[in-house]
Amino acid sequence: MITNTELEQKGSQFPTKITSYKKDIDTLYFYTENNVALQLTVLRDSVLRFRYSTTSNFENDFSYAITKYASRGYNHLEIDEDNEKYKIITQKLICHIHKANLKVTLYDAVDNTLINQDELGFHWEESYEYGGNIVKMSKTSHDGESYYGLGDKPVQLNLKGKRFENWVTDSYAYGKGTDPIYKTIPFFTGLHHEKSYGIFFDNTFRSFFDFAQERKKVTSFWAQGGEMNYYFIYGPQMCDVVANYTNLTGKPHQLPPLWALGYHQCKWSYYPESKVKEVTAKFRELKIPCDAIYLDIDYMDGFRCFTWNKEHFPDPKKMVKELSDDGFKTVVIIDPGIKIDMDYAVFKEGLENDYFCKRADGPHMKGKVWPGECYFPDFTKPEVREWWSGLFKELIEEIGVKGVWNDMNEPAVMEVPNKTFPNDVRHDYDGNPCSHRKAHNIYGMQMARATYQGLKKFAYPKRPFVITRAAYSGAQRYTSTWTGDNIASWEHLWIANVQAQRMAMSGFSFVGSDIGGFAEQPEGELFARWIQLGVFHPFCRVHSSGDHGEQEPWTFGDEITDIVRKFIELRYQLLPYLYTSFWQYLNDGTPMLKSLVLYDQEDVQTHYRTDEFVFGDKILVCPIIEANAKGRRMYIPKGTWYNYWDDTILKGGKEIWIDADIDSLPIFIKEGSIIPKYPVQQYVGEKKINEIVLETYYKFGKEVSTLYDDAHDGYDYIKGRYSLRTFKLVGKKDELIIQQHKSGKFITEYKTFKLKLHGLPFKVSKIQIDNEEILFEKVKVNGDNTLIIDKDFTELHIIGG
Ligand code: GLC
């Protein structure tokens, strides 16, 4: 008889002293006596990559997260050493690598302050269960340090004192604190002593983050396999950290079509066709703006993707066309599970070409989803993505569907305890074959990517629109997202607010929740309050499971319908502002929603705030998240703000009570702002926009505002056919000056601006445009402080006295 000798458990292992070092352009290698290697790459002055191996050799360097468009290059790189350490110095950072133990310390290069420091630093445990290592990193947590980010975690914005897991999970009716849920975004920002940095742990295995929970002075992260591979991103402004992370993992590849920023209506499910039409007709009848209508799984034939239930939808092309004539874009759901059915072309094709995932021992990965037993495409194989993208030809090119909604792509599997594939399932991982342990967290992202490629191809020359439930870092390049199956409760309204803000500070701004709640049914009041928040989320869609009744804007009586209409109208008025903010996100990686800490990190009052946020960069919003409220207490960030509803002026830096009855919401405009507005339309493109209103908020001092515009769809803007206007406002005691700077080749449809002046401290006596005095009648100056001027003015002087 043979008895196994018990494996010796080695516990954590650590690098020993550095024995050699080499430099290869911008990459440095450090080797230790016990064969640990650290590869340190200087990507930018503020971005360093750390990659560790315990065998001196590195695996093939491949990442789904990092975009090929990431900026690289630094202004300064200097390497120095003394007895104790190597010093890597860039314009922004000083990095010490300690010779005795490979530990890392990072300082601000400008003022030498300590930013981040290894506690135990890199260490690892051999995993006897899986082979390979559990790779770990621990860092010192500084006094007063706060932590943010990590994607869709439904908890307080500040993550300090908590531990999290990243494993993309179908989480029907999750709650506050449920972890993990749908997304894996292993990126966080740390903030202490007014300085912020970020860490992106690019490892797709099941990973964990502990923010000073287990040990008060320690923050750590680890993964059940793969490499310790992280990017250190320095600010010191958190907004720059997020922008740099977004640069690294990618900004959306193109602007969404403007209609995608309109209001969307969804339900599980609208069918048959007559029901769809009844709903869309009601929107037009009640004059509630709406741009998109969704078809959930019941439009298909037995839940077979890329088919139609011909009984309910006898002529989809005709229906989609009629909807489109009425301003509605049709968006349809597509799930990853392909029904096992030899009479179903998609299944047959997938099978014949070996596109489906297989178990380690050979058989296909079989799992139950809506259609019953299914196989699942291996979206980590380029050939499969190519095939998948081709499947959209009919839906998009022929039928005219405008957007695709990818769901259940965690991947979700029913009736199994782990809700997904078993770990042994094999994946191609773009030529780096691996098990599901490594591919799980990026499966959904690769599905959304393949879908995106299909839409991009077949919607051309229009822009694609995709929405996904599962995501990994970088998915924002291809798709928008929503926060999954929430519940119609006040707590979930709080969660929706936190999740959207957290996603935005995790590089993924095109986000929204199921407004009103997916499971169960909201009361009218909750629905109205949720709409009030939802219109300030980049993605704005009402969706519900339909189990408990209707959830259209008119479901809850006239009073609620009127409130809902008022706020959806406000969103449509703010479309140019929202579009400009999307353009800024696309260009600079600036998050479209800014939590107060992101807005003003120097103010410690903001570090634990959760409810208030800045929409774009000028509109402060705070949702009402309790029943029967007539208003609420909220923190107004430092600076001076105008109450949107009555123009009263408030000095920030304090918490105060703000009235907001059921038909209102606390909204404030930063002084000096110029907010562009459209007239209300029932859908994008309904009206010819001849004039843009510029809500102009006087400030004693300077402020810059922007207005971006283009054809609202298509790719001409990439070739320079856009219009970008920068307004520089300078307010003096008895004068207001607005200088306009224009760029881009696009001729906007609007011809004039209607300026509405708010808070002007003087009576207008004279107006000069481009150095010429203008008669009041010419610019239609009214008693209500509005004036109409040509859009191409360069300098406007409004003079009092
Ligand atoms: C999932 C989705 C939900 C959808 C339903 C039916 O639960 O999260 O949005 O309505 O599946 O497709």
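What you are looking at is a predicted structure, and each value in this text was computed from that prediction instead of being measured. We count ligands from 1, going down the list as the structure has it; atoms in each ligand are counted the same way.
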Visitor: Give the numbers and elements of all ligand 1 atoms closer than 4.0 Å to a heavy atom of Trp482.
Guide: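 The list of qualifying atoms is 8 (O), 9 (O).
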Visitor: With only distance considered, is Asp335 within less than 3.5 Å of ligand 1 through an N or O on each side?
Guide: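 No; every N/O pair is 3.5 Å or more apart.
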Visitor: Closer than 4.0 Å to some heavy atom of Arg469 - which atoms of ligand 1 meet that?
Guide: 1 (C), 2 (C), 7 (O), 8 (O)
Visitor: If you define the side chain from C-beta out and look only at heavy atoms, does anything of Leu159 sit under 4.5 Å from Leu150?
Guide: yes
Visitor: Is it the case that Lys438 places NZ or CZ above or below the six-membered ring of Tyr429, under 6.0 angstrom from the centre and within 45 degrees of the axis?
Guide: yes
Visitor: Do His492 and Phe518 have ring centres separated by under 6.0 Å?
Guide: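 Distance test on ring centres: not under 6.0 Å, no.
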Visitor: Within the structure, is a non-hydrogen atom of Tyr172 found at a distance of less than 4.0 Å from ligand 1?
Guide: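 Contact check Tyr172 vs ligand 1: negative.
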Visitor: Side chains of Tyr270 and Glu552: any donor to acceptor distance under 3.5 Å?
Guide: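 Judged by distance alone, the side chains do pair up.
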Visitor: State yes or no: are the ring centers of His440 and Phe421 separated by less than 6.0 Å?
Guide: no
Visitor: With a 4.0 Å heavy-atom cut-off (strictly under), which part of Tyr294 contacts ligand 1: side chain, backbone, both or neither?
Guide: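 No part of Tyr294 is near ligand 1 at this cut-off.
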Visitor: Quick one: does NZ or CZ of Arg477 land under 6.0 Å from the six-membered ring centre of Phe508, within 45 degrees of the ring axis?
Guide: no
Visitor: Suppose we call two aromatic rings close when their centres sit under 6.0 Å apart. Are Tyr355 and Trp388 close by that rule?
Guide: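 Here the rings of Trp388 and Tyr355 have centres that are no less than 6.0 Å from each other.
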Visitor: Do me a favour and list the nearest non-hydrogen protein atom to atom 7 (O) of ligand 1 with residue, atom name and distance?
Guide: Asp485 OD2, 2.7 Å
Visitor: With a cut-off of 4.0 Å, which atoms of ligand 1 are near a heavy atom of Ile333?
Guide: 12 (O)
Visitor: Say whether Ser207 and Asn166, considering side chains only, have a donor N or O and an acceptor N or O under 3.5 Å apart.
Guide: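 A donor-acceptor contact under 3.5 Å links the two side chains.
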Visitor: For Asp296, take its heavy atoms, then give the atoms of ligand 1 lying under 4.0 Å from any of them.
Guide: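 Counting from 1, the qualifying ligand atoms are 4 (C), 6 (C), 10 (O), 12 (O).
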Visitor: Does any N/O atom on Asp407 come nearer than 3.5 Å to any N/O atom on ligand 1?
Guide: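 Yes.
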Visitor: What protein heavy atom is closest to atom 9 (O) of ligand 1, reported as residue, atom name and distance in Å?
Guide: His543 NE2, 2.9 Å
Visitor: For ligand 1, note which part of Trp405 has a heavy atom under 4.0 Å away: side chain, backbone, both or neither.
Guide: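 Under 4.0 Å from ligand 1, Trp405 contributes side-chain atoms alone.
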Visitor: Before signing off on this row, confirm whether Asp514 and ligand 1 have an N or O atom pair separated by under 3.5 Å.
Guide: no
